[in-house]
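For reference, positions follow the sequence shown, starting with 1. Computed from a predicted structure; not experimentally measured.
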Amino acid sequence: MGYFIDTHFHLDHYRNYTDLIEEINKLQQYTVCVTNSPGVFLSCKNMLPESKYLKFAIGFHPQEKNLSHTDLKDFLRLIDRTNYVGEVGLDFSSDAYRDRNAQIDAFEQITQKCARDNKMMIVHIRRSEELAIDIIRRYAPKKCIIHWYTGSEKHLQQLLDAGCFFSINANMISSNSSDKYRAIPNDRRLVESDGPYTKVGGEKYAPSLLPAVYLEIARFYNDPDFILHTYQNFQRLLTL
């Protein structure tokens, strides 16, 4: 109990979120609840109880087309209310997402702020690897987690060289491109659920399934001490 950590969970995307808060606390699972906008973050902070095991991250998701420059100002005003930032990043995989230049401007300002104030940032990158790596290298945030990475092994290595950690979920290691994740060294691995957008054993993710996620990833890496190693990685990340 108390060793399981979920670095990326969309609590507000579940209808029964109040039941899940109770479950997370009962199971003593450290959970970072990401949000997609500063408005959602503020609502969660004002309406839902944080605890030792449940923390809210302030987000500015690149897929949220309706986010405006005013929302970015709100984000930068509210960021000091938490040590956790996410989900943020760059996504050039669809024209339906935010304007590229607006994404770049936001991600650069957010990364600079996280680096300066040593915030933990949880980063979404899709078809934007080179630019995202350039921004991360430029500002060098110490506590940077790459969420559900889908790029090449070459860019994965560049992100490792920049000091990034990688959060891994059950769907990643069962995908056709799972071999590249073996390049992530033991001391840079974290675990995410990305609930409710993943399945474990064919079942939609719920906090009770987090130990099963750990078991699947431990088997993938052939690491019988994966739970302890991941816990130590997260603790080290917190102290950077």
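For Q109, the side-chain hydrogen bond (donor to acceptor under 3.5 Å, both in side chains) partners at least two apart in sequence or on another chain are D105. Under the ring-ring contact (aromatic ring centres under 6.0 Å, His included) criterion, F166 pairs with Y149, sequence neighbours left out. Applying the side chain to side chain contact (heavy atoms under 4.5 Å, CB included) test to A218 and every residue at least two apart in sequence or in another chain returns F226. With sequence neighbours excluded, no residue forms a side chain to side chain contact (heavy atoms under 4.5 Å, CB included) with K199. In terms of the ring-ring contact (aromatic ring centres under 6.0 Å, His included) criterion, residue partners of Y197 (sequence neighbours excluded) are, by chain and number, H10, H13. Under the ring-ring contact (aromatic ring centres under 6.0 Å, His included) criterion, F92 pairs with no residue, sequence neighbours left out. With sequence neighbours excluded, no residue forms a ring-ring contact (aromatic ring centres under 6.0 Å, His included) with Y84. The side-chain hydrogen bond (donor to acceptor under 3.5 Å, both in side chains) test applied to Q112 returns no partner, not counting sequence neighbours. Looking at residues two or more places apart in sequence or on another chain, you find no side-chain hydrogen bond (donor to acceptor under 3.5 Å, both in side chains) involving T18.
There is a path of hydrophobic side-chain contacts, each under 4.5 Å, that joins L228 to I5. V40 is not connected to L76 by any chain of hydrophobic side-chain contacts under 4.5 Å among Ile, Leu, Val, Met, Phe, Trp and Tyr, and they are in different clusters.
Atom OG in S51 sits 3.5 Å away from atom CG in N25 (nearest 0.5 Å). Atom CG of residue D134 and atom OG of residue S128 lie 12.0 Å apart, to the nearest 0.5 angstrom. Expressed to the nearest 0.5 Å, how far CD of E87 lies from CD1 of I58 amounts to 14.0 Å.
What you find for C144 and L237 is that their closest heavy atoms are N-CD1, 4.4 Å. Between V200 and A170, the closest heavy-atom pair is CG2-CB, 4.4 Å. For the pair E129 and G151, the tightest heavy-atom approach, listed with the atom from each and the gap, is OE2-CA, 3.6 Å. Looking at every heavy atom in both residues, P62 comes nearest to Q103 through CB-OE1, 3.3 Å. In this structure, V32 and A57 approach most closely via the heavy-atom pair CG1-CB, 4.0 Å.
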Review point. Yes or no on side chain to side chain contact (heavy atoms under 4.5 Å, CB included) for K52 and Y30, after CA distance, side-chain angles and deciding distance?
Key: CA-CA 7 Å; K52 176 181 178 180; Y30 298 96; 3.4 Å; yes

Exercise for review: Would you sort out whether D95 and K65 count as a salt bridge (charged side-chain N to carboxylate O under 4.0 Å, His left out), showing the intermediate values?
Suggested key: CA-CA 10 Å; D95 291 338; K65 191 169 186 177; over 6 Å; no

**Study point:** Verdict with supporting geometry, Y14 and F9, ring-ring contact (aromatic ring centres under 6.0 Å, His included)
**Key:** CA-CA 10 Å; Y14 288 83; F9 179 64; 5.2 Å; yes

Point to revise | Worked verdict on D12 versus Y17 for side chain to side chain contact (heavy atoms under 4.5 Å, CB included) | key: CA-CA 6 Å; D12 63 299; Y17 56 86; over 6 Å; no

Exercise for review: Output, in order, the C-alpha distance, side-chain angles, deciding distance and verdict of side chain to side chain contact (heavy atoms under 4.5 Å, CB included) for L20 and L11.
Suggested key: CA-CA 8 Å; L20 295 183; L11 176 69; 3.9 Å; yes

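The shortest distance between side-chain heavy atoms of P211 and F4 falls below 4.5 Å. Side chains of Y139 and E108 form a contact here, defined as non-hydrogen atoms less than 4.5 Å apart. Within the 4.5 Å cutoff, the side chain of V191 has no heavy atoms near those of the T7 side chain. Using a 4.5 Å heavy-atom threshold, the side chains of L72 and F60 count as touching. No side-chain heavy atom of I227 sits less than 4.5 Å from a side-chain heavy atom of L215. You'll find the side chain of V88 reaches within 4.5 Å of the side chain of M121, heavy atoms only. Within the 4.5 Å cutoff, no side-chain heavy atoms of V213 are placed close to those of S193. In this structure, I146 and I122 have side chains that are not in contact, with every pair of non-hydrogen atoms separated by 4.5 Å or more.
Tested against D91 for a side chain to side chain donor-acceptor pair (under 3.5 Å), the candidates R126, Q63, H61 yield a single pass: Q63.
Side chain of K142 to backbone of M120: no donor-acceptor contact under 3.5 angstrom is found. Using modelled atom types, one side-chain atom of N118 and one backbone atom of L240 make a donor-acceptor pair closer than 3.5 Å. No side-chain donor-acceptor contact under 3.5 Å links T31 to the backbone of D6. A donor-acceptor distance shorter than 3.5 angstrom exists from the side chain of K180 to the backbone of T150, with no hydrogens or angles considered. Not a single donor-acceptor pair under 3.5 Å links the side chain of R98 to the backbone N or O of N66. Of the possible donor and acceptor atoms, one in the side chain of D99 sits under 3.5 Å from a partner among the backbone N and O of A102. At distances below 3.5 Å, at least one donor-acceptor pair connects side-chain atoms of T239 with backbone N or O atoms of R236. No side-chain donor-acceptor contact under 3.5 Å links T111 to the backbone of I136. Panel note: side chain Q29, backbone P207; a donor-acceptor pair is recorded below 3.5 Å. No donor-acceptor distance shorter than 3.5 angstrom exists from the side chain of S178 to the backbone of M172, with no hydrogens or angles considered.
Dense packing is recorded around CG of D187, with more than 12 heavy atoms of other residues, nucleotides or ligands lying under 6.0 Å away. Annotation: R138, atom CZ; neighbour count of heavy atoms from other residues, nucleotides and ligands within 6.0 Å is above 12. In R15, the CZ atom is not crowded: 12 or fewer heavy atoms of neighbouring residues, nucleotides or ligands sit closer than 6.0 Å. For E22, the CD atom counts as loosely surrounded, since its 6.0 Å shell holds 12 or fewer non-hydrogen atoms of other residues, nucleotides or ligands.
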List the atom pairs, donor and acceptor, that lie under 3.5 Å between side-chain atoms in residues 153-160 and the rest of the protein, sequence neighbours left out.
| residue | atom | partner | partner atom | Å |
| --- | --- | --- | --- | --- |
| H155 | ND1 | S152 | OG | 3.2 |
| Q157 | NE2 | D161 | OD1 | 3.1 |

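The aromatic ring centres of F41 and F56 sit 6.0 Å or more apart.
In this pair, H124 and H147 present their aromatic rings tilted. The plane angle is within the 30 to 60° band.
Screening residues 219-228 for side-chain hydrogen bond (donor to acceptor under 3.5 Å, both in side chains) gives N186-D223, D223-H229 as the qualifying pairs, with residues at least two apart or on separate chains. Within the structure, every pair that satisfies the side-chain hydrogen bond (donor to acceptor under 3.5 Å, both in side chains) test and touches residues 69-78, not counting sequence neighbours, is listed here: S68-D71, D74-R77.
Between the side chains of E64 and Y97, not a single donor N or O lies within less than 3.5 Å of an accepting N or O. Checked by atom type, the side-chain pair T198/N169 shows no donor-acceptor distance below 3.5 Å.
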